[in-house]
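Reviewing the structure listed below.
Per chain, numbering begins at 1; letters A, B, ... match sequence-line order.
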Amino acid sequence: MSEQDTQQAPESPQQAEAAAYDVRAVQDKWLPVWERLDPFRADDDSPREKKYALTMFPYPSGDLHMGHAEVTALHDVIARYWWQRGYEVMNPMGWDSFGLPAENAAIKNDEHPATYTYANIETQYESFKRYGISFDWSRRLHTSDPEYYRWTQWLFLKFRERGLAYRKSSPVNWCPNDQTVLANEQVVDGRCERCGAEVTKRELTQWYFKITDYAQELLDCLDDLEPTWPARVVTAQRNWIGRSEGAHVDFAVEGRADPITVYTTRPDTIFGTTFMVVAVDSALADDLVTDGQRAAFEAYREEIRKETEIERLATDRPKTGVDLGVTATNPVTGAQIPVWATDYVLADYGTGAVMGVPGGDQRDWEFATEMGLPIVRTTQTPDGFEGEAFHGEGPAINSPAPGVDSPLDINGLAVDEAKRATIAFLEQQGSGEGAVNFRLRDWLLSRQRYWGVPIPIIHCDACGEVAVPYDQLPLELPELRGADLKPKGVSPLAAASDWVDVACPTCGGPAKRDSDTMDTFVDSSWYFLRFCSPRYEDGPFDPELAKKWMPADIYVGGVEHAVLHLLYARFFTKVLRDMGMLEVDEPFASQLNQGIVINQGRKMSKSLGNGVSLGDQLAEFGVDAVRLTLVFAGPPEDDIDWADMSPAGSLRFLQRAWRLSGDVTSPVGAAPADGDIALRRVTARTVHDAAEMIESYRFNVMVARVMELVNATRKAIDSGAGPDDPAVREATEAVAVLLSLVAPYVAEEMWERLGHEPTVARAGWPEVDPALLVEESVTAVVQIQGKVRARLDVAPDISDANLEQQALADPAVVRAIDGRPVRKVIVRAPKLVNVVV
RNA sequence: GCGCCCGUAGCCCAACAGGCAGAGGCACCAGGUUUAGGUCCUGGCCAGUGCGAGUUCGACUCUCGCCGGGCGCACCA
């Protein structure tokens, strides 16, 4: 920047002005003008067709960084394109402003989390404005504002009324560092998604959203999203939901009223069941164990509880378990089989109990081998099979085994048939039924933290759980700060007795508020709906306006939310639809996942010392050049290595484009039809292609096309049609409009120099005369044996026969054929002729 | 272990639906301009598409197998 200034000092300001524009001065000039014109305010009453452009709202930690710069630059290309194409565009922005970093900062600095949060929000707000993204700031929201979280609480209570929010005791994921529980989605490879600490299990009573009620629909709708959502997100969600089909089977236990029910995807292997395994941390195991085995069982359970998730999930360690001392009855053979407890069965999947079929399941095989339990194969293995358990296709064998008496016989049946026959038998006998299971668990939403939405529930000894009355919402957080917020295993709110101790709204007796707060993913599960009517007072959003704006036409953001935010937001949308408040089934019609900005082949990090400061880059090259660099770097989904990029080169290009606007001498409104036809064709082609590129998210190619147009226009001015040709004006105006999607400042400056009023952002997409897109002649290639031997200039509508005749008459072709007999001629008019000799 | 994606000039990246491998940029070189090793203008340089097969008149593009890189899932019965 300072370099720019010193370069302008020389004797002739005129000359300096002609060579380069002052990046900072241009930014300072236009920012207040845009502020005044407010060109991106979405009008709820506009008759124009709507577009809703959404980008993931940030968490306010410090100032904006390169990642924010990339995602918003890409997003803004689309939003600004839609404005230019004449849509009414809603492009809102806000902050996901509850969360742990603010709380940690508050403890460290002995202050209130709001101090950190709102200071950062202001910083980011100012940065966003200067960065020139076309946000409609009139819709700004913060999830930590009581006006916002009032409705988060309202939604929680409505969900609860529908049976979709409930409390249960269960072993939950616990982050020992953050001192809070985590949802399954927030545990990555056995570690806390946020801080990386190894997650352990704890038995706690917590609030859950019953997202599993929507498992099937969440899965089914992915088919509709497949064409417009990134494949990896769709796949990730399918895997996460994890639907499987199988059966529930009851194994009777002598002396116990209830049988042990298992879930299996392979009911056809039931004859190979030589033992049962129950999750060691389940209530079922505790209930089944005999007095004689209790001591051993409890010792084993203690050992397991001390393990971290990482240890527990390791697949290569030996199987462990303890015999519970009871036996169960195989419903098809009547055989008595031992029941064991183990940690390789999960308490919260299926029924927490599994029939052990070592012949068909590798885990069971290992367990049987370890414990000396019998192994029976029930599926014929292929010739030469040398593995252990076999779970492939093959006819059923030993079902029943010779000499075993059973009312069911599935020997010889293929796997699918055997499954069907077994389920039919079990259903008829009343000892089982076909069943579907999902990997997806209910969403644990309680958090033992302060800086979040208080759960609006009061616990009364007499009345139980009582909802905070709607007219008392928002239930605001008590004022806590600094050391009050230190993690102590229970929510900091629990210690705020003034706040916690209340009269029961129902009976008036002494009661306590629920002291947990909600997972911040609850806040972000509906913010895109609030944007439709951000000041609405009668509900979380105005259903009429949601009807107008929803769904979001594009959602741009990071792929790290593939199964977190994106799944939760879909769930909320479906529930709100079922509540009659929304008409859409899905919130986001299409999606774009940008890559990340790295440096020197590595993720930017403090420890590597390879961080790139957005502020420094903006100061050195200006907003436009940084935005252009990010958009031009490559396909949006790809990571950008900043070390490979050249923001200086981007700035040079922008200077070249800008210079065009000073060279144009024809008047505003000069009839383009009188202009140079060759340049007009290039302009038309560029505008046409640019639209296509944007709509297929190939923004880097769009920029390359604009560069070509700039080059062509330069040539026309210097050595062609000349600066007064109307086609030069037409081309330069097109450059300004196209550049307005990426480099708003220089585009505005060009627009003014071309004699127009601001703002170029709303100038409208250039008109393209379709006649200019039709080539007057094309080059046809003549190949001999697939090698190019000649080129012909031909009419675009030349016939196959005509082209073939011309090709074979061409001297170069005749020479190449060299008298050999022509065996075959392939003609693809007007582009190609291939002669086979 | 299973699944998905990607390998094109020194570097970042293009190539519609199989049909001329290069659109654009960076870097580099040369000439012009210049007080100028900068800016600007002009021109140049640079790969036969990771490897090996197959299909085809024709393969960067389709199929199969390797090699290399990335991502996702992973004791879910």
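- Glycosidic conformation of G38(B) is anti; the angle lies outside 90° of 0.
- Across the protein-nucleic acid pair, R363(A) atom CZ and A74(B) atom C1' stand 10 Å apart, rounded to whole Å.
- Comparing N437(A) and A231(A) by the nucleotide of RNA chain B that holds the closest heavy atom to each, the one mapping nearer the 5' end is A231(A).
- G54(B) and G58(B) are spaced 12 Å apart, taking the P atom of each and rounding to whole Å.
- To the nearest whole angstrom, the two P atoms, one in A14(B) and one in G38(B), are 30 Å apart.
- Regarding I241(A), its CD1 atom lies at a distance of 18 Å from the P atom of G72(B), rounded to whole Å.
- Within residues 267-281 of chain A, no residue places a heavy atom under 4.0 Å from RNA chain B.
- Remark: V682(A) pairs with T686(A), L709(A), A712(A) by the side-chain contact (heavy atoms from CB on, under 4.5 Å) rule, at least two apart or across chains.
- Looking at heavy-atom distances under 4.0 Å, S244(A) makes contact with sugar-phosphate atoms alone, never a base.
- Annotation: G24(B) and C62(B) have their C1' atoms spaced 28 Å apart (nearest Å).
- A donor atom on one side chain and an acceptor atom on the other are found under 3.5 Å apart for D442(A) and T212(A).
- An OP1 or OP2 oxygen of G19(B) is reached within less than 4.0 angstrom by no side-chain nitrogen or oxygen of K831(A).
- Shown here, U49(B) forms no base pair; nothing in the strands shown gives a Watson-Crick or G-U wobble contact with both key distances under 3.5 Å.
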Could you go through the salt bridge (charged side-chain N to carboxylate O under 4.0 Å, His left out) check for E198(A) and R191(A) one step at a time?
CA-CA 5 Å; E198(A) 293 188 9; R191(A) 293 177 180 275; 3.7 Å; yes
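- In this structure, N599(A) atom CG and C12(B) atom P are separated by 14 Å, rounded to whole Å.
- Applying the side-chain contact (heavy atoms from CB on, under 4.5 Å) rule to L773(A) yields the partners A684(A), R685(A), H688(A), V768(A); only residues at least two apart in sequence or on another chain are considered.
- Comparing the P positions of U39(B) and C5(B) gives an interatomic distance of 43 Å, to the nearest angstrom.
- Atom CG in L628(A) sits about 16 Å away from atom P in G24(B), given to the nearest Å.
- Nucleotide G72(B) holds its P atom 11 Å from the CG atom of D639(A), rounded to whole Å.
- Here the side chain of D361(A) is nearest to one of U42(B), A74(B), A77(B), namely A77(B).
- Using Watson-Crick or G-U wobble geometry with both donor-acceptor distances under 3.5 Å, C28(B) finds its partner in G44(B).
- The closest side-chain heavy-atom distance from L74(A) to F699(A) is below 4.5 Å.
- Side chain of Y300(A) to main chain of D343(A): a donor-acceptor pair is present (N/O by atom type, distance under 3.5 Å, no hydrogens or angles).
- At a non-hydrogen distance threshold of 4.0 Å, Y344(A), V345(A), L346(A), Y349(A), V354(A) from residues 342-354 of chain A come into contact with RNA chain B.
- Backbone-only contact: A633(A) has heavy atoms under 4.0 Å from sugar-phosphate atoms and none from a base.
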For R705(A) and E708(A): C-alpha separation, side-chain torsions, deciding distance, then whether salt bridge (charged side-chain N to carboxylate O under 4.0 Å, His left out) applies.
CA-CA 5 Å; R705(A) 292 279 178 277; E708(A) 284 178 73; 3.0 Å; yes
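- Nearest to the side-chain atoms of R705(A) among the listed nucleotides A77(B), C75(B), A23(B) stands A23(B).
- Pairing for U39(B) is absent, with no Watson-Crick or G-U wobble pair whose two atom distances lie under 3.5 Å.
- For a distance-only test at 3.5 Å, the side chain of N834(A) qualifies as a donor-acceptor partner of the base of C57(B).
- Comparing atom distances between the D638(A) side chain and each of C13(B), C75(B), A74(B) picks out C13(B) as nearest.
- The CG atom of L660(A) lies 5.5 Å from the OG1 atom of T713(A); values are rounded to the nearest 0.5 Å.
- Residue I598(A) contributes atom CD1, which lies 14 Å from atom C1' of C71(B) at whole-angstrom precision.
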Let's go through R266(A) and K419(A) carefully: what are the C-alpha distance in whole Å and the side-chain angles of both, what is the deciding distance for side chain to side chain contact (heavy atoms under 4.5 Å, CB included) to 0.1 Å, and is it a yes or a no?
CA-CA 7 Å; R266(A) 291 295 300 273; K419(A) 276 185 193 172; 3.7 Å; yes
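- Legend: residues meeting side-chain contact (heavy atoms from CB on, under 4.5 Å) with D663(A), ordered by chain and number and at least two apart, are R714(A), I717(A).
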Summarise protein proximity over nucleotides 26-34 of chain B in one line of letters, 5' to 3': B for base, S for sugar-phosphate only, - for none, counting protein heavy atoms closer than 4.0 Å.
SS-------
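- Across all strands shown, U56(B) forms no Watson-Crick or G-U wobble pair with both distances under 3.5 Å.
- Comparing the C1' positions of C51(B) and G7(B) gives an interatomic distance of 11 Å, to the nearest angstrom.
- Defined by atom type and a distance below 3.5 Å, a donor-acceptor pair is present between the side-chain atoms of Q216(A) and R243(A).
- The T265(A) side chain lies nearest to A77(B) when the options are A77(B), C57(B), C73(B).
- In this model, no donor atom of one side chain and acceptor atom of the other lie less than 3.5 Å apart for T351(A) and T261(A).
- In a base pair of the Watson-Crick type (N1 to N3 plus N6-O4 or O6-N4) or a G-U wobble (N1-O2 and O6-N3), with each distance short of 3.5 Å, G72(B) is matched with C2(B).
- Separating the P atom of G25(B) from that of G43(B) is a span of 12 Å, rounded to the nearest Å.
- Within the 4.0 angstrom heavy-atom criterion, no nucleotide atom of any strand lies near E692(A).
- With no hydrogens or angles considered, a side-chain donor-acceptor pair links Q591(A) and N593(A) at under 3.5 Å.
- Phosphate contact (OP1/OP2 of A15(B), side-chain N/O of R698(A), threshold under 4.0 Å): present.
- With the nearest nucleotide of RNA chain B identified for both R441(A) and A704(A), A704(A) has the one nearer the 5' end.
- Rounded to whole Å, the distance from CZ on R789(A) to P on G58(B) is 15 Å.
- Nearest to the side chain of R659(A), among A77(B), C41(B), U42(B), sits C41(B).
- Side-chain N/O atoms of N700(A) include one lying less than 4.0 angstrom from OP1 or OP2 on A14(B).
- Remark: the backbone N or O of T320(A) is paired with a side-chain donor or acceptor of T342(A) at under 3.5 angstrom.
- You won't find any donor-acceptor pair under 3.5 Å spanning the side chain of R232(A) and the base of G72(B), going by distance alone.
- Comparing C2(B) with G65(B), their P atoms are spaced 13 Å from each other, to the whole Å.
- When the C1' atom is compared between A23(B) and U8(B), the two are found 14 Å apart, to the nearest whole Å.
- Between N711(A) and G25(B) there is a side-chain polar atom (N or O) within less than 4.0 angstrom of OP1 or OP2.
- Within 6.0 Å of atom CZ in R823(A), 12 or fewer heavy atoms from other residues, nucleotides or ligands are found, so the atom counts as exposed in its surroundings.
- The distance between atom CG of L651(A) and atom C1' of G25(B), rounded to the nearest whole Å, is 14 Å.
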